[in-house]
Engineer: 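My structure is below; once you've seen it, I'll send some questions.
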Amino acid sequence: MSQKPSIPKGTRDFSPAEMLRRNHIFGIIRKNFSLCGYLPIETPAMENLSTLLGKYGEEGDRLIFRILNSGNFLADVAPETLSRADTSTVTQKISEKGLRYDLTVPFARYVVQHRDEITFPFRRYQIQPVWRADKPQKGRYREFFQCDVDVIGSDSLLNEAELVQIIDRVFKDLSINITVKINNRKILAGIAAIAGAADRITDITVAIDKLEKIGSDGVRQELLQRGIDSEAIARLEPVLGLSGSSVEKLLELKNIMAASAVGLQGIAEMEELLGYLALQPLRCAVEMDLSLARGLNYYTGTIIEVKAADLPFGSICGGGRYDDLTGIFGLPGVSGVGVSFGADRIYDVMLQLNLFPEQTGSSTGVLIINFGKEELPALMKIAGSLRESGIATELYPEPVRLRKQFSYADARMIPYVVIAGSNELAAGQATVKNMKTGEQIAVSLSALPSFIRKS
RNA sequence: GUGGUUGUAGCUCAGUUGGUUAGAGCGCCAGAUUGUGGAUCUGGAGGUCGCCGGUUCGAACCCGGUCUUCCACCCCA
């Protein structure tokens, strides 16, 4: 009995037309990565759960796909453990591997494991799928590709500036108008400190992150709900009311945060970065956004996020600096900074904005009509010589009616059809038909490749 | 994980208050045209109405469950 085939929720098949467009995106991203000297690496789809767990916060742990142990995975689990129905205890016993959740943590693991072979500062890029057990929505998939560029082993903010340059170039090449938002985790820490709630930095920043969405009153509500007392909220008022240009905001912040060493350092870093950014040619708008909070679980300095300017959409690229990511794996004091391009969201944005260049829809340049046994040796020879000169060529596999073969060329959008039946072959010629114009010209077999290459 | 939404031919969708044999457009196949595609005309194939169960004399339509799609929250690429 046959069953209706299907694929898991949140995953997708990619047809040839989609792959051509996806490869266009990957190609541009890869080109710009290597243009700045980054080198490719790959890591396994699955990692040990000990590598993955605890790196993304409680929410992140829940979204990691776990892989059931092979064989009799229940053999070592005590019956009473099972009957207690304690999911986390049982899971630990029956699963020790998981699908990677992002590319940054596997990269950190890689750096620690290969530290002896690596020359620092290490610049790598990595384009691979990641998996999240999230509920799928538009622009949110359970399997999607990230394109990560990171440099590890350098504290310099020049790296941040360079990443913004890469972002600018990639999206320029893709014709997507973007806004780059930058923030600094240390400024957020300073803000939390002046509120007298340094340990609540996550709650405070997540609330402030919603400033644009729910307004300042909404943020006050949100802060209360998250258990921040009203005194602390009152001390945050000057921050919520900041206005003016980035420079003006930073000046004001310096006063507000005079008592916070971290905060002042964050401001200094921000000023330095803005200074570097001013020194390089950028097409895109870069703005400081104090409400930007992401990846709080490991970012320690600069935070970067990119949004499409012409479309309300989730972020299509994001990243930041992490001072101690490798510390968890036993290599402390190595700072890294990187960003991740979300290829699937970029695809969705480009599709909606109609930004993909016209595709031929076919990689084939020539179809040779199959006339049957008699002509076959000559036709195969023609196919060989066309391919030899770099022309993508197909020979129709069945000697069926010409109507069918021409329909095939039409449907595949193959631009030229070579007709070489007994008549043509007797004269040492082939008829070349231009499928767009309908024009047909007799060409000698020896001149065929150069004739097609010229047209 | 919480709340909501969607599912009918390969695709996009109709389908009356539950009532005989579930339709259209596009696509597909065949012919008009035994060595010529896109246009036109003629004919044809294709559906367990997502799946399982229930209510009913009778279910594409009502109810429950489940899967899927999309959306909001959460979080994020």
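Labels below follow one simple rule: chain letters A, B, ... track the order of the sequence lines, proteins then strands, and each chain is numbered from 1.
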Engineer: Check the phosphate of B/G38 against A/Arg412, side-chain N and O only, distance under 4.0 Å to OP1 or OP2. Yes or no?
Structural biologist: no

Engineer: For B/U56 versus B/G43, give the span between their P atoms, rounded off to a whole number of Å.
Structural biologist: 46 Å

Engineer: By the 4.0 Å heavy-atom rule, please label A/Gly438 as base, sugar-phosphate, or nothing.
Structural biologist: base

Engineer: May I ask whether A/Phe144 stacks on the base of B/A77, given the cut-offs of 5.5 Å between ring centres and 30° between planes?
Structural biologist: yes

Engineer: On RNA chain B, compare the nucleotides closest to A/Cys317 and A/Arg62; which residue's is nearer the 5' end?
Structural biologist: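 The 5'-side residue here is A/Arg62.
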
Engineer: Any salt bridge between A/Arg62 and A/Glu59, counting N to O under 4.0 Å?
Structural biologist: yes

Engineer: Is A/Gln137 near enough to B/A72 that one of its side-chain N or O atoms lies under 4.0 angstrom from OP1 or OP2?
Structural biologist: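 Checking B/A72 against A/Gln137, a side-chain N or O does come within under 4.0 Å of OP1 or OP2.
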
Engineer: Would you mind telling me which residue lines up with the more 5' stretch of RNA chain B, A/Met435 or A/Asp134, judged by nearest nucleotide?
Structural biologist: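 Looking at the nearest nucleotide for each, A/Met435 comes out on the 5' side.
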
Engineer: Using OP1 and OP2 only, check whether a side-chain N or O of A/Lys9 sits under 4.0 Å from B/U68.
Structural biologist: yes

Engineer: Suppose you measure atom C1' in B/U5 against the same atom in B/U48; what distance do you get, rounded to whole Å?
Structural biologist: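 Each nucleotide's C1' atom is 25 Å from the other's.
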
Engineer: Remember a base hit wins even if backbone is also touched, and classify A/Gln405 as base, sugar-phosphate or nothing at under 4.0 Å, heavy atoms.
Structural biologist: nothing

Engineer: Contact class for A/Asp102 vs. all strands (heavy atom < 4.0 Å): base, sugar-phosphate, or nothing?
Structural biologist: nothing

Engineer: Can we say A/Glu394 and A/Arg412 salt-bridge, meaning some charged N sits less than 4.0 Å from an Asp/Glu carboxylate O?
Structural biologist: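 Looking at A/Glu394 and A/Arg412, the cut-off is met.
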
Engineer: Charged N to carboxylate O under 4.0 angstrom, A/Lys433 versus A/Glu439?
Structural biologist: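 Not counted as a salt bridge, because no side-chain N and carboxylate O are separated by less than 4.0 Å.
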
Engineer: Say you pick atom C1' in B/U55 and the same atom in B/C61; how far apart are they, in whole Å?
Structural biologist: 14 Å

Engineer: What does B/A32 pair with, Watson-Crick or G-U, if both distances are under 3.5 Å?
Structural biologist: B/U40

Engineer: When you measure from the side chain of A/Arg30 to the backbone of A/Ile25, do you find a donor-acceptor pair of N or O atoms at a distance under 3.5 Å?
Structural biologist: no

